[in-house]
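Below you'll find the structure, written out as structure tokens, and then a few comments.
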2 protein chains.
Amino acid sequence: MTNGPLQLPGPPSATWRTDLEPDALPPTPELTGGQRRVLAAAMGLFATKGFVASTTRDIAAELGMQAPSLYNHFASKDAILERLVLFGWAHAHSELLSALVHAGSSPTAQLEALVRTHVLMSCEFPRLTLVIGTETAHLAPEPLAIVRNHRQATRDLLAQVLRRGHDEGSFHIAHLRTTMWTLAAMGQSAAVQYPYQPEIHAAEFAEEFVALALRVAGVAATLSSSAGSDAAVDAQAG
Amino acid sequence: MTNGPLQLPGPPSATWRTDLEPDALPPTPELTGGQRRVLAAAMGLFATKGFVASTTRDIAAELGMQAPSLYNHFASKDAILERLVLFGWAHAHSELLSALVHAGSSPTAQLEALVRTHVLMSCEFPRLTLVIGTETAHLAPEPLAIVRNHRQATRDLLAQVLRRGHDEGSFHIAHLRTTMWTLAAMGQSAAVQYPYQPEIHAAEFAEEFVALALRVAGVAATLSSSAGSDAAVDAQAG
DNA sequence: GTCTATAGGCCGATAGAC
DNA sequence: GTCTATCGGCCTATAGAC
């Protein structure tokens with residue numbers, strides 16, 4: 001009843017994986033090219049230094065511009081953050097909703113789809129995920145209210161799936177609160193860690209988290225199925 | 001095979017629980033009273049507005065002082081953050097180490113002790129947990145290196161426990177990386193959420209996370225044991 | 001150990017030429 | 001749409017009285 005070997009984790013690598021564009025941004029049809037470039041540069045800075053510590057001169061320098069030129073594209077530094085966060089949330093919300101719609105009616109398939117999509121988004125746009133997760137507090141009251149609605153709506157998606165799976169008997173959830181927080185935290189972890197894990201594909205990553213999510217939700221088949229895959233058990237961590 | 005009812009989550013409450021001191025700080029024998037008060041005030045501001053957005057005037061105002069008076073207690077604003085973060089990490093590291101030592105030799109008991117202690121710390125000192133988790137990037141290179149050592153040492157504690165439990169056969173871990181991140185993220189979630197959950201005790205909270213941690217680690221008995229407690233299944237979430 | 005006064009610098013944003 | 005020049009304001013930190 002013993003398992004295979006399990007390597008010890010080391011610290012995360014210090015550099016970005018070579019196949020990942022740091023300033024990648026989802027498609028933004030309604031923006032001008034200049035606005036897009038400003039948003040991408042701001043996203044990178046906001047994610048690494050934070051909104052307050054990133055100056056307009058920093059953002060402009062990233063684009064080979066002078067700071068006042070930014071004001072041809074956005075009315076203020078606050079407006080840049082606002083556009084970025086609102087766009088990011090709208091994108092995330094619509095992706096999750098779409099994943100849910102295409103997942104069929106089984107709560108297990110729906111939970112898998114939500115977690116998989118969340119992790120894949122976090123891997124593809126890690127800096128956007130970080131910004132919308134950590135810089136929201138610096139928004140003005142009006143955009144903040146919109147973000148709160150998105151957040152609540154996203155929570156409701158997950159809660160409905162968990163509730164249905166629990167009522168149906170395919171999930172075994174003792175406490176909805178902690179279960180939801182744990183599932184949500186997985187996506188944030190992916191955004192923080194994925195860029196510094198050079199040797200893994202986003203899709204593999206997503207499946208690892210999906211498997212853990214099923215355990216968290218108390219899906220009965222979970223334990224035996226992953227205990228059987230002891231050959232793939234070696235892993236590095238950071 | 002269906003389960004009991006599960007309430008839908010609402011948004012978190014906007015105010016702090018009445019039994020929790022927002023500026024609580026673990027015992028600090030080596031600090032003067034003035035330094036302690038400055039650190040407590042700074043901790044609250046750093047946790048809510050962030051280090052960069054918190055001015056020396058803000059900190060002083062919290063204590064009924066003028067900003068220059070702070071410099072009688074600390075050499076600079078940076079020094080305040082440094083002391084706070086280094087102290088917080090030293091405390092967390094020693095608490096986790098102590099919990100591990102007192103947990104006996106069973107990997108399951110050790111994992112339970114680590115998660116329980118982590119969550120309890122996050123509930124008792126949520127703002128300190130937040131600051132050491134989110135403001136570390138603003139440290140100077142020298143203290144940053146110390147924090148990285150603490151972080152690595154703490155990761156190693158968890159990794160050793162998971163590795164032993166896996167080798168022994170009591171855990172079933174497919175991928176160490178994602179397993180560790182998920183476990184670590186639970187403590188952060190507790191720090192963010194606990195202050196706004198007025199109707200639950202930290203100890204209950206900790207046991208909920210401990211149960212989820214056992215599922216994440218693939219402890220065999222987990223599923224059936226929590227599936228049996230369907231009477232306590234209703235929960236609100238935020 | 002707290003205050004007032006202030007230095008010196010960087011910030012967001014505007015004006016206006018090209 | 002980008003630039004240079006610049007304003008007014010707030011920031012960290014120091015000087016020095018009490």
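In this structure, the CD1 atom of B:Ile59 is 11 Å from the P atom of D:dC11, given to the nearest Å. If you measure from atom CD1 of A:Ile80 to atom C1' of C:dA13, you get 12 Å, rounded to the nearest angstrom. Between the CZ atom of A:Phe74 and the P atom of C:dG12 there is a distance of 16 Å, given to the nearest Å. The nearest whole Å value for the distance from the NE2 atom in B:His73 to the P atom in D:dA13 is 15 Å. With rounding to whole Å, A:Leu70 atom CG is found 13 Å from D:dG1 atom P. We find that CG of B:Asp58 is positioned 13 Å from C1' of D:dT12, with the value rounded to whole Å.
Considering CZ of B:Phe74 and CD of B:Glu82, their distance stands at 10.5 Å, rounded to 0.5 Å.
Heavy-atom contacts from other residues, nucleotides or ligands closer than 6.0 Å to CD of A:Gln35 number more than 12.
For B:His73, there are no side chain to side chain donor-acceptor pair (under 3.5 Å) partners, not counting sequence neighbours. For B:Thr55, the side chain to side chain donor-acceptor pair (under 3.5 Å) partners two or more places apart in sequence, or in a different chain, are B:Asp58.
Residue order along DNA chain C, read from the 5' end via each residue's closest nucleotide, puts B:Met65 first among B:Arg57 and B:Met65.
Taking every side-chain heavy atom of A:Tyr71 into account, C:dG12 is the closest of C:dG12, C:dA15, D:dC11. Proximity note for A:Lys77 (side chain, C-beta onward) versus D:dA13, D:dT12, C:dG12: the nearest is C:dG12. Distances from the side chain of B:Pro68 to the nucleotides D:dC11, D:dA13, D:dT4 place D:dA13 closest.
A:Thr32 comes within 4.0 angstrom of no nucleic acid atom, judged by non-hydrogen atoms across all strands.
Under 4.0 angstrom from either OP1 or OP2 of C:dG1 there lies no side-chain N or O belonging to B:Ser69.
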